[in-house]
Protein chains: 2
Amino acid sequence: MKAQPAFRRAEPDTRRLSLIAACARVLAREGASGASVRAIALEGGVSPGLVGHYFGGIDALVSATYAHVEVQVSDALDVAVAAAGADPRARLEAFVTASFAPPVASGELLATWIAFWSLVRSREDIAAQHARQYAASRARLEVLLAECGLPEPRLRRAAIAITALVDGLWLELCLSPEAFSPAEAGAIARAALDALLG
Amino acid sequence: MKAQPAFRRAEPDTRRLSLIAACARVLAREGASGASVRAIALEGGVSPGLVGHYFGGIDALVSATYAHVEVQVSDALDVAVAAAGADPRARLEAFVTASFAPPVASGELLATWIAFWSLVRSREDIAAQHARQYAASRARLEVLLAECGLPEPRLRRAAIAITALVDGLWLELCLSPEAFSPAEAGAIARAALDALLG
DNA sequence: TCGCTTGTTGAACATTCGTATAACAAGTGG
DNA sequence: CCACTTGTTATACGAATGTTCAACAAGCGA
């Protein structure tokens, strides 16, 4: 009788993704302080050494997890925008509305953001990653705003404003869901769009 | 020759405050992950045991530090509002403008906020503290808005909106100061007030 | 079937963590 | 000047941290 394999090899990218997913789950369940190499390896059904093998350190894994989750969030927003049809204003409103509904606004995602933010000030490469992702997210919003007819000179500030408003509402929604509802957050953001677009 | 005292006794409240100040300094310098009992005790010129003696645990010290810093921030905003004179609109604008200048907006404060936020989801008492402080901060803004003539039914949402906008701008300002300037953040917030108050 | 590459393991490493606690001493009231 | 209270120290403890590395074996090509 042949013993079944003690472990299974995986494509590097597959394994990397499964570790990222495990990291995200641990962050969601245990919070930023519970995301240790061992806990993540256990969650991924893998030995602790693999984390170092693929990412070299826990910071890089957290950074990769943030990048991955950000892409998921970004995709979810894109889907919502696409589902809104062709009307520019409807697309913009779909964007902000989706920002306050799962899977974008979710307390479980908060720990990933917090773990990432806590690295921004001390690690220059992670600060650069944050700046890059922030710029990308703002640029996408600028496109939606431009399609609504907002003139180019006002685009930058408008995008900064809407991004900040949405982020602030999102953060508070994750931190204390009782303060106000996702629907109320959506209404507030849409009112801001009204004011901005006239 | 009499050896000088090996240590100095302090009033409980004095010592508590000095530990809170030491915690804030360590958070500012080392970030959330560097704020260990030992590092804080060393910073405060005190033995590690005292942290447990006064606060019972590191979480309670972080929570107390957050509360203390929040009061400082709140006081700084009050000073700015008072300095603006009697005109309600000027007072409101002073409030948002001060939110983007030191000592309120400062990368060094960010770590304190992050350390506190990371406790909100896992500890019920800290979630309650956050909800309480958020409500207080929103209530103060509601007063300023009411003085500008905003009718009562619109107060709640307006305060939520301005708080979220200011928090979002503040956060991004602390995370990546190159994205936009404090002056630009202030202009954005004042424009939002324009839109809100007509 | 054999050998080779390399993904993977699991233990060991030196630190560091938070907390508990016994001994010490500063300051106060007598 | 002497207790007595208690703020404070210093150490010790077990657990957990991130990282390293030699050994192992899975899967592929020959």
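Because the structure is a prediction, the values reported are computed rather than measured. In what follows, every heavy atom counts, from backbone to side chain, and hydrogens, waters and symmetry copies are set aside. Chain identifiers are assigned alphabetically (A, B, ...) following the order of the sequence lines, protein sequences preceding nucleic acid strands; residue numbering begins at 1 within each chain.
With rounding to whole Å, A:R16 atom CZ is found 11 Å from C:dT8 atom P. Separating the CG atom of B:L61 from the P atom of C:dT19 is a distance of 11 Å, rounded to the nearest angstrom. Whole-Å rounding puts the A:E30 CD to D:dA16 C1' distance at 13 Å. Separating the CD atom of B:E11 from the C1' atom of D:dT8 is a distance of 15 Å, rounded to the nearest angstrom. We find that CG of A:L19 is positioned 13 Å from P of C:dG7, with the value rounded to whole Å. Between A:L50 atom CG and D:dC24 atom C1' there is a gap of 13 Å when expressed in whole angstrom units. Between the CD1 atom of B:I40 and the C1' atom of C:dG18 there is a distance of 12 Å, rounded to whole Å. Taking atom CZ of B:F55 as the reference point, atom P of C:dG18 lies 15 Å away to the nearest angstrom.
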**Message:** Show, in sequence, the C-alpha distance, side-chain angles and deciding distance for B:V69 and B:W113, and conclude whether the side chain to side chain contact (heavy atoms under 4.5 Å, CB included) test is met.
**Reply:** CA-CA 9 Å; B:V69 171; B:W113 256 254; 3.3 Å; yes
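With hydrogens and angles left out, the side chain of B:R15 and the base of D:dG7 share no donor-acceptor pair within 3.5 Å.
Ring centroid separation for the pair B:W170 and B:F100 does not come in under the 6.0 Å cut-off.
Closest to the side chain of A:S36, from the set D:dT17, C:dC17, C:dG7, is D:dT17.
If A:H53 and A:S33 are placed on DNA chain D by their nearest nucleotide, the residue sitting closer to the 5' end is A:S33. Along DNA chain D, the nucleotide nearest to B:R9 and the one nearest to B:R38 differ in position, and the one closer to the 5' end is contacted by B:R9.
Residues A:S137 and A:Q133 form no side-chain contact, since every pair of their non-hydrogen atoms from C-beta on lies 4.5 Å or further apart.
Environment of CD in B:E11: sparse, with no more than 12 heavy atoms of neighbouring residues, nucleotides or ligands closer than 6.0 Å.
Checked by atom type and distance alone, the side chain of A:S176 never pairs as donor or acceptor with a backbone atom of A:E178 at under 3.5 Å.
Distances shown here put a side-chain N or O of A:Y54 below 4.0 Å from the OP1 or OP2 atom of C:dT8.
Among the atoms of the strands shown, none is found under 4.0 Å from any heavy atom of A:G52.
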